[in-house]
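In listed order, ligands and their atoms are each counted from 1. Residue numbers start at 1 and run along the sequence shown.
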Amino acid sequence: MNVLMVSAEMAPFAKVGGLADVVAALSAAMAARKHDVRVVLPLYGHLDREREKIRPLAKLPPLSVRVGQEVHDIRFHMRGSPRSAVKVYLVECPSLFDREGVYAGKDGATFTDGLARASLHGQAALLLARLLEWPVDVIHAHDAEAAPAIVYRQKWYAGRGLPGPAGTLLTIHNLAHQEIHPAAGADTLGLPRSMASYPGLLEFNGNVNLLKAGILAADRVNTVSPTYAVETITDPDFGCGLEGILSGREKSYSGILNGADYTTWDPRKDKALPEDFGPADLSGKETCRRELLKELGLKSVADKPLCGFVGRLVHQKGLDLLLPLLNRLAEDGFTFALLGTGDKALEDETRKAAARHPDRVAFVGAFDESLAHRIYAGSDLFLMPSVFEPCGLSQMYSLRYGTLPVVRRTGGLADTIVDASKKNGTGFVFDDPTPEDLLAALRTAEGWWESPQKWRKLQERGMKCDFSWSQSAARYEKLYRAVGRTRGR
Ligand code: ADP
């Protein structure tokens, strides 16, 4: 099948979180299954065109695209050899994309012209298929930012010369990010007025909501774990106001667990680590632990675990459950290697905790891919006390690196981690999003840590877990075929 993917992120070009890893790995997995997969990304200002081998696509002319009242100049680029398995197209649009950052500037402030950027991205993706005369079977849009590609296809572009059946699939990676904008923004999308007010399509509590429009317009909708699919329909805390809309599409809505890309996340051949290791020999992990402590200026107490955290510092990730515990745990001898950026208040609080216990708590407030690998490898426990978690990749990576995850039973965490008390346990699972429950899980983990042989068994089991893309790619393939069928393929 010919699959046109539309996404704001794709590793290694533009990464804020798991979406980037998923788009890179899923597109590669589908290409390996002999599908022709082409990804359309914005050409962000921070991308190093030379290093990434991004070249203008000479055969397509520069174009002008209308977005609301404005006309923007665009040009298509391509990455590297056009013969590589996944073709990555990048949309150059200096007025909208030539900035540092994907959704927000360096100061952390979200860009206010998200609708215009999403509109241009969606239009450019469809234009590209048309100009290349490439018959698209499936338009696969990821998250709210890419939803306009689907809305345009279904509600506007239909019959406007888009080659191929072009069925549509929307994947929701996080329902909390919906791209909600003031109602006046409807004009920015350039949809005819009749369509902008198309009953319920864009309107959401008096605003414009791109994710809602995508959910209503797409042939099929999925999210990134079976448990999150259920949570988002049944529980308003997870549905973020869209639970009714999703319920209305229940028959076309499903959950497919993300996979981990073990070509990038493999402690047996990871260039970021001081020493490699694998399930048969964990001595390299001890070196990774020692070096991580040194790198971060931490002093470990031999009989207490080193706890890692890598993630966006936002309420979702449950860091506010951990912060009230840090003092006590640090005094007890636990050490913490914390890496993340995000909410300024959470960053400040974490920094303060690190300043209070410089030997026990290290906080790096940056995006550092290489350090992330060393934290997965060098830690004993990986903390993921998420309030909600659509899928989560970090817990899968830590399993592979012999680091036992401490997770809350929600979304993809519930689907991937089995509590140590069970026969096939791989980590420590708690139920309520409270510091008390997290502490209880950490105390349980501490108990296991005191029995090296039992600990080792958990590590071995975790390292052997296979969350590779093969099963999930097969499920997406099935979904692609279903989407194709809705268009009479
Ligand atoms: P989410 O998509 O909600 O952010 P995931 O667990 O699915 O969470 O994916 C997070 C990805 O982003 C992982 O690859 C993780 O290692 C990476 N990541 C998050 N924050 C940072 C950071 N500060 N530095 C390096 N990598 C990070």
Side-chain angles (χ1 to χ4, degrees), residues 7-26 101-104 108 142-145 171-177 223-225 227-228 238 240 255-267 270 272-273 292 295-296 308-319 337-343 346-347 350-351 362-379 382-401 403 405-408 410-417 427 467 469 472:
S7 171
E9 296 181 46
M10 178 183 189
F13 311 107
K15 174 165 170 173
V16 176
L19 170 63
D21 291 1
V22 170
V23 170
L26 174 62
V102 175
Y103 310 107
H142 296 270
D143 271 350
E145 198 278 339
T171 298
I172 302 171
H173 295 260
N174 193 332
L175 205 61
H177 301 302
T223 188
V224 289
S225 71
T227 295
Y228 190 62
F238 293 87
C240 304
I256 300 180
L257 196 69
N258 283 334
D261 177 1
Y262 294 127
T263 56
T264 307
W265 299 97
D266 181 357
D270 187 331
L273 307 187
L292 179 65
E295 177 177 355
L296 298 176
F309 173 93
V310 179
R312 294 177 294 114
L313 298 191
V314 291
H315 172 69
Q316 176 198 339
K317 297 292 174 183
L319 207 72
L338 313 172
L339 169 66
T341 56
D343 187 283
L346 279 175
E347 275 191 33
T350 314
R351 198 165 280 119
F363 170 56
V364 179
F367 194 94
D368 187 335
E369 189 82 43
S370 170
L371 177 58
H373 283 245
R374 289 193 294 283
I375 291 179
Y376 289 117
S379 303
F382 189 83
L383 307 180
M384 240 172 137
S386 306
V387 178
F388 67 95
E389 194 58 76
C391 177
L393 296 170
S394 300
Q395 80 280 15
M396 303 184 198
Y397 301 156
S398 38
L399 283 180
R400 198 34 77 112
Y401 284 71
T403 302
V406 179
V407 305
R408 187 166 109 72
T410 183
L413 299 174
D415 292 335
T416 50
I417 306 300
F467 291 109
W469 268 100
S472 302

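To the nearest 0.5 Å, atoms CG (L371) and CG (L296) are separated by 6.0 Å.
T350 is linked by a side chain to side chain donor-acceptor pair (under 3.5 Å) to nothing, counting only residues two or more places apart in sequence or in another chain.
Side-chain atoms of R374 never come within 3.5 Å of backbone atoms of L292 as a donor-acceptor pair (strictly under, hydrogens ignored). At distances below 3.5 Å, at least one donor-acceptor pair connects side-chain atoms of Q395 with backbone N or O atoms of C391.
The aromatic rings of Y397 and W265 sit parallel to each other, their planes meeting at less than 30°, with 60° as the upper class boundary.
Under the 4.5 Å side-chain criterion, counting only non-hydrogen atoms from C-beta, P390 is in contact with Q316.
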Pairs under 3.5 angstrom, nitrogen or oxygen on both sides, ligand 1 versus protein: list them out, please.
residue  : atom   : partner : partner atom : Å
ligand 1 : 2 (O)  : G18     : N            : 2.6
ligand 1 : 3 (O)  : R312    : NH2          : 2.8
ligand 1 : 3 (O)  : K317    : NZ           : 2.8
ligand 1 : 4 (O)  : R312    : NE           : 2.8
ligand 1 : 6 (O)  : L393    : N            : 3.0
ligand 1 : 6 (O)  : S394    : N            : 3.3
ligand 1 : 6 (O)  : S394    : OG           : 3.3
ligand 1 : 7 (O)  : L393    : N            : 3.2
ligand 1 : 8 (O)  : K317    : NZ           : 3.0
ligand 1 : 9 (O)  : G18     : N            : 3.2
ligand 1 : 14 (O) : K15     : NZ           : 3.0
ligand 1 : 14 (O) : D21     : OD2          : 2.9
ligand 1 : 16 (O) : Y376    : OH           : 2.7
ligand 1 : 23 (N) : A366    : O            : 2.8
ligand 1 : 24 (N) : D368    : N            : 3.0

